[in-house]
2 protein chains.
Amino acid sequence: MSSSNLYKDIDPIYLAVDCIIFGFDGNDLKVLLIKRGFKPEKGKWSLMGGFINKNESVDDGAKRVLLNLTGLGDIFMKQLHVFGEINRDPVARTVSVSYYALINIHDYDNKLVREHEARWFTINKIPDLIFDHGEMISKAIESLKKDVKYSPVRFELLPKKFTLPQLKRLYDCIMGKEHDVRNFSKKILSTGMLIKLNEKDSNSSKKGAFLYRFDKKRYKTLKDEGFLFIS
Amino acid sequence: MSSSNLYKDIDPIYLAVDCIIFGFDGNDLKVLLIKRGFKPEKGKWSLMGGFINKNESVDDGAKRVLLNLTGLGDIFMKQLHVFGEINRDPVARTVSVSYYALINIHDYDNKLVREHEARWFTINKIPDLIFDHGEMISKAIESLKKDVKYSPVRFELLPKKFTLPQLKRLYDCIMGKEHDVRNFSKKILSTGMLIKLNEKDSNSSKKGAFLYRFDKKRYKTLKDEGFLFIS
DNA sequence: CCAAAAGTGTTTCTATTACACCCATGT
DNA sequence: ACATGGGTGTAATAGAAACACTTTTGG
């Protein structure tokens, strides 16, 4: 810090990140929350968060926080919003940057999650949260809703193989409205983004539904084109 | 700071804001830049920015920075993105939040602007800037482009009375494409957002173009509806 | 055989695009 | 009288929305 005395009159501030971790269990869109094991507000529900260290970028900090809770690295995260009100953290002046992460709900480290006493909550049944974490979640849902409309689909939330009814259900949850089955299939199949497999999944019906997987190359192309994916 | 020793092991960080100030001179979309009067990078072009004080929210900090340069308060500002790479500021670890502001280009405090040696630059003729300010501007333009599509129009950039050709030109600039005159008029008039006045502006043609003003109530309604305004 | 979910086409309607001529006026 | 920018309507196309029946199969 040879020349940091240039900034000697500046107030340094604590900078944190908070992660809205979304998962989809086939039925509902959920958020992973932890029971806070430390002060302030120990014992209350909150987002997983952490302070940014001097030696990591803010984005890397967010990734570290996600890794610490879920054991997952290399996950798609999106920076959302800065929460910078003066008294949002009663302990000290802390500014927090929110991020969302989309993960496969079956694919995380259970031991870590248990250690943090974390639990999945359906997005319309979120408990009271500390600080402004409730608002962070609302904004994240709003943002996900927008994103999913213009970027093709967030396949991160689904297992490798999935059925059309599952995919539709996911879209219905995120966008908060029921899509027409026929229009939905038509539109999504027309993108060429899905590859039909020769297997069926019979967990949710007698007839069974065909499994599909994503064509990642095609997905990337569409994403880059900023394709309006579904209304 | 009674209990801030809870955070005693946390690295505090310098937190700044940088403002992308947009203006429209009737012809081009422009950005207001200052010639830096202080270290580091003294004498180079940069965005107007400043550090967040302990006693102000981040949003308020952005407003203060805008006020200091333009003398304008109560201006629409939108928080954009956090720039948090480790070495973005060579002096010390500084994280910056970018904001854009939309102002009427004829309506600012000239004395302040001269003091800062500030100048307007057309958005496709931006000079080399310090740090990551170039990227901040690109992201801001991108964001403005999106915003203008879904929120009706940014009347903040125009004088109270304006003509349809002026408005079209503004949209052409922001969206980087030439709109069809007829389709543009049709669409924008159909929103009911414009009120035709009984005056003409003859500055740019012999015939003169009718002046309009915005119907703010209608504007607000459309904005709240998230209306897709123009493509 | 029946309950429950999967799968599949057509029509209507609405929104977007493309396109060209006359008007008003200052010089 | 002419050059310059302002103002206006219609037809073609594409995309979104509405809508209902048949298929499969485990029980």
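Small disclaimer: the values here were computed from a predicted structure and weren't measured. Each chain gets a letter, A, B and so on, in the order its sequence line appears, and its residues count up from 1. The figures here come from the full heavy-atom set of this structure, side chains too, leaving out hydrogens, waters and symmetry mates.
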In whole angstroms, how far is the [atom2] atom of [N] from the [atom1] atom of [X]?
X: A:E178; N: D:dA17; atom1: CD; atom2: P; answer: 14 Å
X: B:K200; N: D:dG6; atom1: NZ; atom2: C1'; answer: 7 Å
X: A:L164; N: D:dT23; atom1: CG; atom2: P; answer: 20 Å
X: B:D201; N: C:dT25; atom1: CG; atom2: C1'; answer: 14 Å
X: A:L189; N: C:dT8; atom1: CG; atom2: P; answer: 8 Å
X: B:I188; N: C:dT16; atom1: CD1; atom2: C1'; answer: 16 Å
X: A:K207; N: D:dT23; atom1: NZ; atom2: P; answer: 9 Å
X: B:F184; N: C:dT17; atom1: CZ; atom2: C1'; answer: 16 Å

Fill in the blank from the handout: When A:K206 and A:R182 are each assigned the nearest nucleotide of DNA chain C, the 5'-most assignment goes to A:K206
Exercise for the section: Name the residue closer to the 5' end of DNA chain C, choosing between B:G208 and A:D180 according to the nucleotide with the nearest heavy atom. Expected result: A:D180
Problem - D:dG9 OP1/OP2 closer than 4.0 Å to side-chain N/O of B:K186 - result: no
Among [options], the one nearest [X] by side-chain distance:
X: B:K196; options: C:dC23, C:dG9, D:dT8; result: D:dT8
X: A:N183; options: C:dG9, D:dG6, C:dG7; result: C:dG9
X: B:S205; options: C:dA6, D:dG6, C:dC19; result: D:dG6

Exercise for the section: Could you tell me whether B:S204 contacts a base, only the sugar-phosphate backbone, or nothing, with contacts defined as non-hydrogen atoms closer than 4.0 Å? Expected result: sugar-phosphate
Exercise for the section: Could you check whether the rings of B:F214 and B:Y219 sit parallel, tilted or perpendicular, using 30° and 60° as the cut-offs? Expected result: perpendicular
Exercise for the section: Classify the ring geometry between B:F22 and B:Y100 as parallel (under 30°), tilted (30 to 60°) or perpendicular (over 60°). Expected result: perpendicular
Practice task
Quick one: do A:D60 and A:R64 satisfy side-chain contact (heavy atoms from CB on, under 4.5 Å)? Show the steps, please.
Solution key: CA-CA 6 Å; A:D60 287 346; A:R64 174 178 50 80; over 6 Å; no
Practice task
Is it possible for you to check whether B:R119 lies under 6.0 Å from the centre of the six-membered ring of B:F121, through NZ or CZ, and within 45° of that ring's axis?
Solution key: yes
Fill in the blank from the handout: The single option from A:I20, A:V58, A:L47, A:D18 that satisfies side chain to side chain contact (heavy atoms under 4.5 Å, CB included) with A:Y99 is A:V58
